[in-house]
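Everything quoted here is computed from the prediction, not taken from an experiment.
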Amino acid sequence: ITPDKFQRIIKETFKTDILFLIQQANLRASELNSSKVKDFHKDLIAANEAPNKEITNVNISSYASPDGGVELNTKLAEKRETNTTAYLEKQMKKDKVVANTTAEFTAQDWEGFKELVEKSNIQDKDLILRVLSMYSDPEQREKEIKNMSSTFKVLADEILPQLRYSRITASIDIIGKSDAEISKLAASDPKSLTLDELLYAGTLTDSKDDKIAIYKKAAEIYPNDYRAYNNVGMAYYQKQNVAEAENWFKKAAKIDPKAPEVQMNLGLISLAKNDYNKAAQEFGNAAGIDELKEATGVLYLKKGEYQKAVKAFGDTKSNNAAIAQILTKDYNKAKNTLSSINNGKDATTLYLLAVVGARTNNEKMVKENLQKAISLD
């Protein structure tokens with residue numbers, strides 16, 4: 001199955017910066033009335049009112065530019081944080097926005113300074129960056145940079161003013177549809193769902209026929225994406241309808257011939273046709289797929305190369321892996337593999353445990369597992 005990219009909760013952030021004048025911490029009307037700040041508050045109100053959104057946190061990070069000394073900048077950054085927090089809480093109360101708020105300050109924003117210098121067109125920026133890397137002491141850094149008088153003037157005009165600010169960041173959770181809603185819409189109004197929601201809907205049912213219906217509808221609504229076609233094919237394959245599965249895998253391959261899931265599934269078709277060379281080639285084109293170890297192990301099993309099969313399966317916990325271990329007479333490992341199967345444990349699993357019991361003269365293990373296997377199938 002090609003995995004969907006559905007996320008129940010999508011995390012989003014939006015932010016705005018409030019700039020300060022040098023050695024000042026008061027919030028200016030020109031900044032608070034700017035379009036960037038107004039837009040931030042509009043977005044915050046909209047998120048607060050939206051039924052599918054939740055404001056998880058609003059954070060204030062206040063900074064001082066790395067000039068003026070550590071002691072002065074510490075007091076300055078702290079005051080900027082205090083003033084910005086008071087402003088934000090007052091504005092949120094006015095806008096009826098309820099959210100958790102956090103705040104911190106950084107006395108000298110050397111990281112921000114470095115980032116802005118790297119992005120700038122300043123002639124001596126390489127020299128400045130070397131000074132930053134040579135000295136860890138902030139006062140020594142500041143002193144060395146100020147010694148470059150002509151360069152420092154450019155920094156004072158272009159870079160440092162951008163580092164006197166408070167950044168307000170809102171963190172939002174966008175909450176998607178529930179499993180019940182998605183399943184209902186997949187049946188009644190599939191066009192209202194995204195492709196990833198439809199692919200996810202296919203995982204919410206155990207019925208192969210329902211999966212086929214959902215994935216076919218997804219392919220009809222989103223015909224340019226290979227994933228739905230591939231998943232229809234896999235549902236048919238699981239129903240042991242190899243011919244129909246191959247038909248849908250080929251449709252998927254026409255859209256994206258390099259898709260690893262499609263290549264692996266075409267390899268399964270070749271395996272079913274006993275075309276081992278073609279299967280090996282297609283599996284070779286499916287690098288990165290988790291199920292590839294299992295498929296390659298089955299290929300070696302069918303070729304009678306049991307040691308290679310064991311190696312290919314690795315630590316896979318499956319009936320097929322256990323068969324390879326039984327055929328190489330590693331009965332203890334086969335027993336552990338079969339006992340470790342949680343999802344997918346079926347009559348075959350229990351039958352194989354009975355086989356292991358027979359090979360190890362454990363009459364009780366044979367009888368109990370055969371009885372359980374027969375009760376299931």
### Query
Can you get from Ile10 to Ile182 by hopping between Ile, Leu, Val, Met, Phe, Trp and Tyr side chains that sit under 4.5 Å apart?
no

### Message
To the nearest 0.5 Å, what is the distance between CD on Gln263 and CD1 on Ile289?
### Response
10.5 Å

### Query
Among all residues two or more places apart in sequence or in another chain, which pass the salt bridge (charged side-chain N to carboxylate O under 4.0 Å, His left out) test with Lys278?
none

Show which side-chain atoms of residues 350-360 pair as donor or acceptor with protein atoms under 3.5 Å away, not counting sequence neighbours.
{"residue": "Arg359", "atom": "NH1", "partner": "Tyr331", "partner atom": "OH", "Å": "3.3"}
{"residue": "Thr360", "atom": "OG1", "partner": "Val356", "partner atom": "O", "Å": "2.7"}
{"residue": "Thr360", "atom": "OG1", "partner": "Gly357", "partner atom": "O", "Å": "3.3"}

### Query
Are the side chains of Ile255 and Asn224 in touch, meaning some heavy atoms are under 4.5 Å apart?
no

### Query
Given Leu155 and Val117, is the side chain to side chain contact (heavy atoms under 4.5 Å, CB included) satisfied, shown in steps?
CA-CA 8 Å; Leu155 293 173; Val117 170; 4.1 Å; yes

## Note on the structure
Taken to the nearest 0.5 Å, the spacing of Thr296 OG1 from Phe283 CZ works out to 6.0 Å

Let me have the donor-acceptor pairs involving side chains of residues 309-321, under 3.5 Å, with sequence neighbours excluded, atom names and distances please.
{"residue": "Asp315", "atom": "OD1", "partner": "Lys293", "partner atom": "NZ", "Å": "2.9"}
{"residue": "Thr316", "atom": "OG1", "partner": "Phe313", "partner atom": "O", "Å": "2.6"}
{"residue": "Ser318", "atom": "OG", "partner": "Glu294", "partner atom": "OE1", "Å": "2.8"}
{"residue": "Ser318", "atom": "OG", "partner": "Glu294", "partner atom": "OE2", "Å": "3.2"}
{"residue": "Ser318", "atom": "OG", "partner": "Ala321", "partner atom": "N", "Å": "3.1"}
{"residue": "Asn319", "atom": "OD1", "partner": "Thr349", "partner atom": "OG1", "Å": "2.8"}
{"residue": "Asn319", "atom": "ND2", "partner": "Asp346", "partner atom": "OD1", "Å": "3.2"}
{"residue": "Asn319", "atom": "ND2", "partner": "Thr349", "partner atom": "OG1", "Å": "3.4"}
{"residue": "Asn320", "atom": "ND2", "partner": "Glu294", "partner atom": "OE2", "Å": "2.9"}

### Task
For Asp17, check salt bridge (charged side-chain N to carboxylate O under 4.0 Å, His left out) against everything at least two apart and list the hits.
Arg167

### Query
Any donor-acceptor pair under 3.5 Å linking the side chain of Asp95 with the backbone of Val97?
no

### Message
Filter on side-chain hydrogen bond (donor to acceptor under 3.5 Å, both in side chains), then keep only pairs touching residues 35-56, sequence neighbours left out; what's left?
### Response
Glu31-Lys36, His41-Tyr87

### Task
Decide yes or no for Asn33 and Val37: does some side-chain heavy atom of the first lie under 4.5 Å from some side-chain heavy atom of the second?
no

In a table with atom names and distances, give each donor-acceptor pair under 3.5 Å that connects a side chain of residues 194-204 to protein atoms at least two apart or in another chain.
{"residue": "Thr194", "atom": "OG1", "partner": "Glu197", "partner atom": "N", "Å": "3.1"}
{"residue": "Thr194", "atom": "OG1", "partner": "Glu197", "partner atom": "OE1", "Å": "3.4"}
{"residue": "Asp196", "atom": "OD1", "partner": "Lys5", "partner atom": "N", "Å": "2.8"}
{"residue": "Asp196", "atom": "OD1", "partner": "Arg227", "partner atom": "NH1", "Å": "2.8"}
{"residue": "Glu197", "atom": "OE1", "partner": "Thr194", "partner atom": "N", "Å": "2.9"}
{"residue": "Glu197", "atom": "OE2", "partner": "Lys177", "partner atom": "NZ", "Å": "3.1"}
{"residue": "Tyr200", "atom": "OH", "partner": "Arg8", "partner atom": "NH2", "Å": "3.3"}
{"residue": "Tyr200", "atom": "OH", "partner": "Asp179", "partner atom": "OD1", "Å": "2.7"}
{"residue": "Tyr200", "atom": "OH", "partner": "Asp179", "partner atom": "OD2", "Å": "3.4"}
{"residue": "Thr203", "atom": "OG1", "partner": "Tyr200", "partner atom": "O", "Å": "2.5"}

### Task
Report the C-alpha distance between Asp330 and Tyr306 in whole Å, list the side-chain angles of each, state the deciding distance to 0.1 Å, and finish with yes or no for side chain to side chain contact (heavy atoms under 4.5 Å, CB included).
CA-CA 11 Å; Asp330 192 343; Tyr306 304 139; over 6 Å; no

### Query
Taking atom types as modelled and ignoring hydrogens, do the side chains of Asn57 and Ser171 form a donor-acceptor contact shorter than 3.5 angstrom?
no

#### Entry: Rounded distance (nearest 0.5 Å) linking atom NZ of Lys302 with atom CG of Asn274
4.0 Å

### Query
So do the side chains of Lys11 and Asp173 get within less than 4.5 Å of each other, counting heavy atoms only?
yes

### Test item: side-chain donor near acceptor, Gln325 and Thr337, under 3.5 Å
yes

### Message
Is a donor from one side chain sitting under 3.5 angstrom from an acceptor on the other, for Lys211 and Asn231?
### Response
no

### Message
Within the 4.5 Å heavy-atom criterion, are Lys114 and Leu129 side-chain neighbours or not?
### Response
yes

### Polar contact flag, side-chain donor to acceptor under 3.5 angstrom, Asn59-Ser61
yes

### Query
Considering only heavy atoms from C-beta outward, does the side chain of Thr101 approach that of Ile60 to under 4.5 Å?
no

Under 3.5 Å, which donor-acceptor pairs do the side chains of residues 366-377 form with other protein atoms, sequence neighbours left out?
{"residue": "Asn369", "atom": "ND2", "partner": "Met365", "partner atom": "O", "Å": "2.9"}
{"residue": "Ser375", "atom": "OG", "partner": "Lys372", "partner atom": "O", "Å": "2.6"}

### Task
Give the cluster check for Ile212 versus Tyr215: same hydrophobic cluster or not, with ILVMFWY residues linked at side-chain heavy-atom distances below 4.5 Å.
yes

#### Entry: With Lys254 via salt bridge (charged side-chain N to carboxylate O under 4.0 Å, His left out) - residues at least two apart
none

### Message
Can you tell me how far apart OH (Tyr165) and OH (Tyr63) are? Round to the nearest 0.5 Å.
### Response
4.5 Å

### Query
Side chains of Glu246 and Lys273: closer than 4.5 Å at any heavy-atom pair?
yes

### Message
What's the separation between atom CD in Gln162 and atom CG in Leu160, rounded to the nearest 0.5 Å?
### Response
9.5 Å

## Note on the structure
Sequence neighbours excluded, the answer for side-chain contact (heavy atoms from CB on, under 4.5 Å) partners of Ala25 is Leu76, Lys79, Arg80, Asn83

### Task
Begin from the C-alpha positions of Tyr236 and Asn247 and carry the test side chain to side chain contact (heavy atoms under 4.5 Å, CB included) through to its verdict.
CA-CA 10 Å; Tyr236 274 120; Asn247 177 42; over 6 Å; no

### Query
Would you say Tyr226 and Glu261 make side-chain contact, with heavy atoms under 4.5 Å?
yes

#### Entry: CD on Glu115 to CG on Leu163, rounded to 0.5 Å
9.5 Å

### Message
Run the side-chain contact (heavy atoms from CB on, under 4.5 Å) test against Glu111 and tell me which residues pass, sequence neighbours left out.
### Response
Asp109

#### Entry: Partner residues of Asp209 under the salt bridge (charged side-chain N to carboxylate O under 4.0 Å, His left out) criterion, sequence neighbours left out
Lys239

### Task
Show your working on side chain to side chain contact (heavy atoms under 4.5 Å, CB included) between Leu19 and Arg164 and close with a plain yes or no.
CA-CA 6 Å; Leu19 298 178; Arg164 302 164 187 139; over 6 Å; no

#### Entry: With sequence neighbours excluded, residues passing side-chain contact (heavy atoms from CB on, under 4.5 Å) with Lys191
Asp189, Ile221

